[in-house]
A.B. asks: 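Have a look at this one before I ask anything.
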Amino acid sequence: QVQLVESGGGLVQSGGSLTLSCAASVGTFGRYAMGWFRQAPGKEREFVAAISWSGTSTSYADSVKGRFTISRDSAKNTVTLQTNSLKPEDTAVYFCAAVPVRGSTWLPPPNYEYDYWGQGTQVTVSS
């Protein structure tokens with residue numbers, strides 16, 4: 001069983017930054033590709049970013065490309081989402097997710113069904 005716990009959310013002004021972290025409790029962390037998703041009030045959950053098992057492949061939603069960076073530290077069993085130049089439309093609950101790996105550089109497509117999810121962390125960006 002994989003357990004994911006997100007942290008790092010909060011209230012920030014437009015243009016600011018937050019570092020979101022996802023701590024994974026799993027026997028062999030390196031066997032999972034990881035993703036970040038978000039859900040704003042009244043909207044469906046949407047893909048934000050993903051990172052492969054090796055950490056060498058990443059993908060981003062167009063809306064965050066160039067502003068957000070996903071990374072992972074397999075030794076610490078953590079995945080980080082660095083969010084910069086935040087906008088009010090980035091306001092949402094951010095979720096970390098994990099899926100068993102298909103290959104070292106394999107990336108789940110944005111609409112892939114991840115197997116494990118965290119509880120989420122709230123990010124609020126004021127204008």
A.B. asks: Is there a side-chain contact between L107 and T105 (heavy atoms, below 4.5 Å)?
C.D. replies: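 No - every pair of side-chain heavy atoms lies 4.5 Å or more apart.
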A.B. asks: Could you check whether any side-chain heavy atom of V79 comes within less than 4.5 Å of a side-chain heavy atom of W36, counting everything from C-beta outward?
C.D. replies: yes
A.B. asks: Would you say V123 ends up clustered with L4 if hydrophobic residues are merged whenever their side chains have heavy atoms under 4.5 Å apart, either directly or through other cluster members?
C.D. replies: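 Yes, L4 and V123 fall within the same hydrophobic cluster.
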A.B. asks: Around atom CD of E89, are there more than 12 heavy atoms of other residues, nucleotides or ligands at under 6.0 Å?
C.D. replies: yes
A.B. asks: Ignoring hydrogens and angles, tell me if any N or O in the side chain of T91 forms a donor-acceptor pair with the backbone of T124 under 3.5 Å.
C.D. replies: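 Side chain of T91 to backbone of T124: no pair is present.
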A.B. asks: As an exercise, state the distance from CG of D73 to OG1 of T78, rounded to the nearest 0.5 Å.
C.D. replies: 4.5 Å
A.B. asks: Establish, yes or no, whether a centroid distance under 6.0 Å links the rings of F47 and F37.
C.D. replies: yes
A.B. asks: May I ask you to decide whether K65 forms a salt bridge with D62, counting only side-chain N to carboxylate O separations under 4.0 Å?
C.D. replies: yes
A.B. asks: Taking all non-hydrogen atoms of both residues, which atom of S52 and which atom of W106 are closest, and how far apart?
C.D. replies: CB-O, 3.5 Å
A.B. asks: Under 3.5 Å, is there a donor-acceptor pair between the N84 and S17 side chains?
C.D. replies: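 The answer is yes; a qualifying pair exists.
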A.B. asks: Any non-hydrogen side-chain atom of R38 less than 4.5 Å from a side-chain atom of D90?
C.D. replies: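 Yes, their side chains come closer than 4.5 Å.
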A.B. asks: Are Y112 and F95 grouped together when hydrophobic residues (ILVMFWY) are joined by side-chain heavy atoms under 4.5 angstrom apart?
C.D. replies: yes
A.B. asks: Are any of the side-chain heavy atoms of M34 and C22 separated by less than 4.5 Å?
C.D. replies: yes
A.B. asks: A quick test of your reading: do over 12 heavy atoms of other residues, nucleotides or ligands sit less than 6.0 Å from CD of Q119?
C.D. replies: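 Counting other residues, nucleotides and ligands, CD of Q119 stays at 12 neighbours or fewer.
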A.B. asks: Taking a hydrophobic cluster as the set of Ile, Leu, Val, Met, Phe, Trp and Tyr residues connected by side-chain heavy atoms closer than 4.5 Å, whether directly or through intermediates, do L20 and V12 fall within one such cluster?
C.D. replies: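 They do share one cluster, since a chain of ILVMFWY contacts under 4.5 Å joins L20 to V12.
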A.B. asks: Could you tell me whether the side chain of R31 and the main chain of V101 form a donor-acceptor pair under 3.5 Å?
C.D. replies: no
A.B. asks: Taking Q82's backbone N and O only, do any of them form a donor-acceptor pair with R67's side chain (distance below 3.5 Å, no angle check)?
C.D. replies: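 The answer is no, because no donor-acceptor pair under 3.5 Å joins these two groups.
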A.B. asks: At what distance, to the nearest 0.5 angstrom, does CD1 of I51 lie from OG of S71?
C.D. replies: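 I51 CD1 to S71 OG: 6.0 Å, rounded to 0.5 Å.
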A.B. asks: Does any part of the side chain of L18, heavy atoms only, come nearer than 4.5 Å to the side chain of L86, both counted from C-beta?
C.D. replies: yes
A.B. asks: Is a side-chain donor or acceptor of E6 paired with a backbone partner of G120 at a separation under 3.5 angstrom?
C.D. replies: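 Indeed, once roles are kept as given, a pair shorter than 3.5 Å links the two residues.
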A.B. asks: With the 4.5 Å side-chain cut-off for hydrophobic clustering, are Y32 and Y114 part of the same group?
C.D. replies: no
A.B. asks: Measure the shortest side-chain to side-chain distance between Y60 and T69 over non-hydrogen atoms and say whether it is less than 4.5 angstrom.
C.D. replies: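 Yes, close enough: below the 4.5 Å cut-off.
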A.B. asks: Closer than 3.5 angstrom, by distance alone: can the side chain of S54 be matched with the main-chain N or O of S104 as a donor-acceptor pair?
C.D. replies: yes
A.B. asks: Within the structure provided, determine whether T19 and T80 are in side-chain contact (heavy-atom separation under 4.5 Å).
C.D. replies: yes
A.B. asks: Is the shortest side-chain heavy-atom distance between W117 and R45 below 4.5 Å?
C.D. replies: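 Yes. Closest side-chain heavy atoms under 4.5 Å.
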A.B. asks: Taking S127's backbone N and O only, do any of them form a donor-acceptor pair with S14's side chain (distance below 3.5 Å, no angle check)?
C.D. replies: no
A.B. asks: Which label fits F68 and Y94: parallel for a plane angle under 30°, tilted from 30 to 60°, or perpendicular past 60°?
C.D. replies: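 The rings of F68 and Y94 sit tilted, inter-plane angle from 30° to 60°.
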A.B. asks: What is the minimum heavy-atom distance between V93 and Q122, and which atoms define it?
C.D. replies: CG2-OE1, 3.2 Å
